[in-house]
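Start at 1 with the first residue, then count along the sequence.
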Amino acid sequence: MVAKLPPYLPSAVGFGTDDAAFLAQNGFDVVRLGVIYRAVEPMPGVYDDNYLNGIAATVQQLGARGVYTLLDFHQDQYNERFHGEGFPDWAVQDDGLANTPDHGFPGNYTTMPALEHAFDSLWADAPGPGGVGLQERYAAAWAHVAARFAGDDHVLGYDLFNEPWPGSAWPSCVSSSGCPAFEAKLGALEAKVIAAIRGADPKHLVWYEPNGSFNLGQAETQLPNFHDPRAGMSFHDYCSSTTAVACISPEQLVLDKALRRSRKTGDALLLTEFGATNDVATLTRVETDADAIRMPWIEWAYCGCSDPTTSAIPADSEALVLDPEQSPQGANLVHATLGALVRPYPLVVAGTPARFGFDPKKRVFNLSYSTARAGGRSRFRAGACTQVFVPALQYPHGYSARVSGARVISRRGSGTLELASRRGAKKVRVKLTAAKHGRTAAPKLTAGCR
């Protein structure tokens, strides 16, 4: 949920308590919430706390319903001057180069000299107003935001920079060998931001991003290891082809390369953006691939909201809800997209997940896990509780649960299936199938999780 137009607040486009309730009801437990740098620091060294209060109000609305917020310093094409948004005007250093031709988004990234130079200035940490480097200003702004949200338990963390663009170095980054020279510069900026955030907030996760071409499966990331125990890599998964068959390989490559990064660094992983379409096959394909490797995901986007940098025509073809000013129901919903995104998944696992997946055609969900704790040195006690979200949208007449290694302790037909592991069980397996029309084949009510 990113509001890309002034005043850059979700509430200004109508996102509110009804939207938060709708998301929670349908099993969404995190929102990537756009925070626009231009609004945070409209003048050098001057922060707009009223703007952050507006962001905080949305965080609170979501948190009251158990939905976490990932705060995202969102930018596309740097600034409005380049048919984008993100950085304040005072941080634009383009040396007066032409901001033509204007091919909109994303065309300007590769064709507009002024935009390339603005990014080059940022990566070079060029001195800005008062002689302070652009990167130092950016890191200080993040520290100010982190100080504001350090005590908020429903903040998932901080997404440091949406889709970093290499500027004039972009041709090297679309090669299969990658662009270590650029990612050394990107890593230097992200290291500064992480250090600044840690001075204000040692607790929350920090999510760095690789260069934008990583998100198309083109090359491994060459970012340095940040050696932060609460760091994770935020990445996106898109395909530049228009045919489904041609997209299968690059979409899987993105996930594979993200896993390799995590194995090397130990950092967490979060697929923070994919979709940007109402094509059900594309949405389902990426979700299924992500579930197969137990990768958490966030889809783009909640609404079109007059997005000035969408590559889709119309912008509403990327939306789940057409107009947040109106209630999220009926004709205001893109029902095919909702049906593709809402699916069963494990909320809490008393053990180590082995696999899970959902077949949307058969409406069958499978989950298996070991009762061993992470690291395998001990096991959860008998009776430890696992919870699975079971959406009524996929199981309108209820469901049957076949379980081994645990017993069902949730209410019949509950939207949250609760399992208590049996004494001596080393593995638990769960299979959900849709009940036939007119009957609900769910377990009887028992004590529930404690």
Side-chain angles (χ1 to χ4, degrees), residues 27 29-30 66-68 153-154 156-157 202-205 207 227-233 255-256 258-271 287-297 343-359 364-391 395 399-433 441-450:
D29 59 2
V30 63
V67 180
Y68 288 82
D153 290 337
H154 275 96
L156 180 64
K203 181 181 71 172
H204 282 111
L205 294 165
W207 297 91
H227 299 289
D228 187 304
R230 294 179 180 265
M233 187 172 78
L255 297 173
D256 291 343
L259 286 173
R260 284 198 286 272
R261 168 72 182 184
S262 182
R263 293 186 185 114
K264 179 180 178 180
T265 63
D267 294 341
L269 294 174
L270 182 56
L271 171 54
E287 290 168 321
T288 299
D289 288 346
D291 284 357
I293 56 173
R294 304 176 302 284
M295 180 77 71
W297 51 258
R343 49 206 273 144
Y345 69 95
L347 292 162
V348 177
V349 177
T352 303
R355 69 182 184 92
F356 69 89
F358 177 60
D359 184 332
V364 173
F365 172 78
N366 286 284
L367 165 68
S368 63
Y369 60 94
S370 162
T371 56
R373 295 180 180 273
R377 295 183 179 179
S378 62
R379 295 187 179 275
F380 280 83
R381 61 174 174 78
C385 192
T386 290
Q387 296 179 321
V388 178
F389 173 68
V390 187
Y395 298 96
Y399 55 90
S400 295
R402 292 178 57 186
V403 182
S404 64
R407 58 191 177 91
V408 177
I409 56 174
S410 51
R411 184 185 300 272
R412 182 183 296 273
S414 172
T416 303
L417 175 70
E418 297 178 326
L419 308 167
S421 58
R422 295 188 180 276
R423 187 176 303 278
K426 294 183 178 181
K427 293 182 179 180
V428 177
R429 294 183 176 87
V430 185
K431 182 177 182 178
L432 303 183
T433 56
K444 64 181 181 180
L445 172 65
T446 52
C449 287
R450 294 188 297 274

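Annotation: side chain of Tyr399 is not in contact with side chain of Pro344 (no heavy-atom distance under 4.5 Å). Between Leu419 and Val408, the closest side-chain pair of non-hydrogen atoms falls below 4.5 Å. Counting heavy atoms from C-beta on, the side chains of Val403 and Arg422 never come closer than 4.5 Å. Annotation: side chain of Lys427 is not in contact with side chain of Ser404 (no heavy-atom distance under 4.5 Å). Annotation: side chain of Leu270 is not in contact with side chain of Val30 (no heavy-atom distance under 4.5 Å).
Here CZ of Phe389 is found 7.5 Å from CG of Leu347. Values are rounded to the nearest 0.5 Å. The CD1 atom of Ile409 lies 9.0 Å from the OG1 atom of Thr386; values are rounded to the nearest 0.5 Å. Between atom OG of residue Ser400 and atom OH of residue Tyr395 there is a gap of 10.0 Å, rounded to the nearest 0.5 Å. To the nearest 0.5 Å, the span separating CG on Leu367 from NZ on Lys431 amounts to 13.5 Å. Taken from CE in Met233 to CG in Asp267, the straight-line distance is 8.5 Å, to the nearest 0.5 Å.
Across all their heavy atoms, Gly351 and Tyr369 have their closest contact at CA-CD1, 4.4 Å. In this structure, Gly376 and Ala372 approach most closely via the heavy-atom pair CA-CB, 4.3 Å. Nearest heavy-atom pair, Gly66 versus His154, reported as atom, atom and distance to 0.1 Å: CA-NE2, 4.1 Å. For the pair Ser421 and Ala406, the tightest heavy-atom approach, listed with the atom from each and the gap, is CA-CB, 3.8 Å. When all heavy atoms are compared, the tightest approach of Ala374 to Thr352 is N-OG1, 3.9 Å. Across all non-hydrogen atoms, the minimal contact from Arg343 to Pro391 is C-CG, 3.9 Å.
Between Phe365 and Phe358, the distance from one ring center to the other does not fall under 6.0 angstrom.
In this structure, the side chain of Tyr345 does not engage the main chain of Asp291 through any donor-acceptor pair within 3.5 Å. In terms of modelled atom types and a separation under 3.5 Å, the side chain of Ser410 and the main chain of Glu418 share a donor-acceptor contact. Between the side chain of Thr371 and the main chain of Ala425, a donor-acceptor pair closer than 3.5 Å is present.
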request  = Output, in order, the C-alpha distance, side-chain angles, deciding distance and verdict of side chain to side chain contact (heavy atoms under 4.5 Å, CB included) for Ile293 and Leu255.
outcome  = CA-CA 9 Å; Ile293 56 173; Leu255 297 173; 3.8 Å; yes
CA sep, side-chain torsions, deciding dist, call: Met295, Leu259, side chain to side chain contact (heavy atoms under 4.5 Å, CB included) = CA-CA 9 Å; Met295 180 77 71; Leu259 286 173; 4.3 Å; yes
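Counted within 6.0 Å of NZ on Lys203, heavy atoms from surrounding residues, nucleotides or ligands total more than 12; the atom is thus considered enclosed.
Screening Arg402, Arg355, Arg429 against Asn366 for a side-chain contact (heavy atoms from CB on, under 4.5 Å) leaves a single residue, Arg355.
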